[in-house]
Amino acid sequence: MRRTLYLKFILAYILFGIFGFIVVATFVSNMYLDRCESTKADTLYKEATAIANSYGQDLYNSETSIDSVYRQLAALSSYNGAQIWILNPSGRVVVKSSEEIDTGSEVVVQGFNPMEMAGKLYTVGTFYGSFDEDVLTVLAPIASSYRTSGYVVMHLPMSVIQDEANQLLNIAYIELAIILLLSLIILIFFTEIVYIPLRKITQATEQYAAGNMRYPLSVESEDEMGYLAASLNYMASEIANQEDDQKKFIANVSHDFRSPLTSIRGFLEAMLDGTIPPKMHEKYLQVVLNETERLTKLTNGLLTLNSLGTKGILLNRTDFDINELIRGVAATFEQTCRKRQITIELVLTGSQLYVNADADRIQQVLYNLVDNAVKFSKDGSSVRIETTERGSKIYVSVKDSGIGIPKKDQKQIFERFYKTDLSRGKDKKGTGLGLSIVKEILKAHDENINVVSTEGVGSEFIFTLKRSALNDEIED
Ligand code: ADP
């Protein structure tokens, strides 16, 4: 396809040239010939009339001799290239500019009929067989004593007119050649502006189709071609990034599944072959149970992410009391908190604070955030959950005084499987999926989440929710 587009353009160019020459060689050539013929005939007719009114009348009024008229006409003829004859109405040649008439012999144009020329400026032919080649003939009557006593007839060979037309035609050919050469500029422009970028684009698409999504496509122009290339480039890099993400995702999933499986297998084998004595079995079975718990958590997390990842997830939006939801989530952590002497402090705005969101999903968001806050808190510290009302938004904050998150990790913690080095020792069961689930749920709600954290001091996660109109009714 690439090559034929260029060929088609060249073919169109050649056809344009050929048609140009055909048109010049036929229509233009005929136009020039007609034009030369009529202008020549016009000039000759004016000359013939002048001759008829001067030498012709003088001759018939016997004011001059045939010989003197012959010489005058011969001089005129050599000047304009036409033969000038003076004929009697019967067709007898009186004077011929080309030769001296022998007064003894009578030369007659057989069949001469001036009436045939009536209404015509000129004729083309052999003039009653007087010439071997075609000549253009004009006829002017010589009037003396109120009657036509003779005719001045002028003949110009058609070959002379044809030569003149050919000279004009040569100019037309040169003009056409110049136009063709100049139109080569269009071909150069086409090559530069359309063909070369298009070839680069098709080459790139071939590479993309072959799976080489990192193939660089550089079309710098700022026109539609440049735009098309930039769009393709963007599309390819997005696909490449997706592929990378997918590879990373699969590598992470495999890794996170493999490590608990390896340890489960290791412990079970050790128990079976007696490396771990039966009295220690309970302890290690507990480890195995923890590992299976981690696998379940991982699988559930992946399933949740998968359901959130599909475009346009359906949210079951209702107006519910976020304060009540927070109290409920805090209660589920009571047991864990008591063991570690962690207190959960609730700083809630109003007794009821309604938001419009998917309650189950927001419960999961809160659960994940509080779970992290408790997990990474120091024993004996407190976790504060706060709600604030600001305009059409409700802000929910979960703050802890735990290990904190290093600055460099703060952007990445919302990515799947991301765990900070700091947290690895503290939380062996973590999947690194909790915050990405939080992020996806809030994204589906068109809401935001931010983190403010200082390493060693603590972290605060703040997210927004849509305030419900129910709050106004309660106030009223
Ligand atoms: P996980 O299930 O491992 O907790 P998350 O996606 O919830 O995964 O969190 C990702 C990582 O972000 C955690 O492993 C931890 O390193 C860091 N992180 C999240 N919340 C906190 C917090 N409150 N304090 C300190 N680090 C945190």
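Because only heavy atoms are used, hydrogens play no part in the values below, and waters and symmetry mates are left out as well, while side chains stay in. Whatever order the structure lists them in is the order used to number ligands and atoms, beginning at 1.
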Qualifying residues under side-chain contact (heavy atoms from CB on, under 4.5 Å), relative to R390, sequence neighbours excluded: Y395
Those residues that, when tested against S221, pass side-chain hydrogen bond (donor to acceptor under 3.5 Å, both in side chains) (two or more places apart): D223
Per-ligand residue contacts, ligand 1, heavy-atom threshold under 4.0 Å: N372, A373, K375, F376, D400, I403, G404, I405, I413, Y418, K419, T420, S423, D427, G430, T431, G432, L433, G434, L435, S459, F461
Main-chain N/O of F320 paired to T318 side chain as donor or acceptor, under 3.5 Å: no
K439 bridged to E415 by N-O distance under 4.0 Å: no
Distance-only side-chain donor-acceptor flag, D358 / N316, under 3.5 Å: no
Partners passing side-chain contact (heavy atoms from CB on, under 4.5 Å) against D321 (at least two apart in sequence or in another chain): N323, E324, Q352, L353, Y354
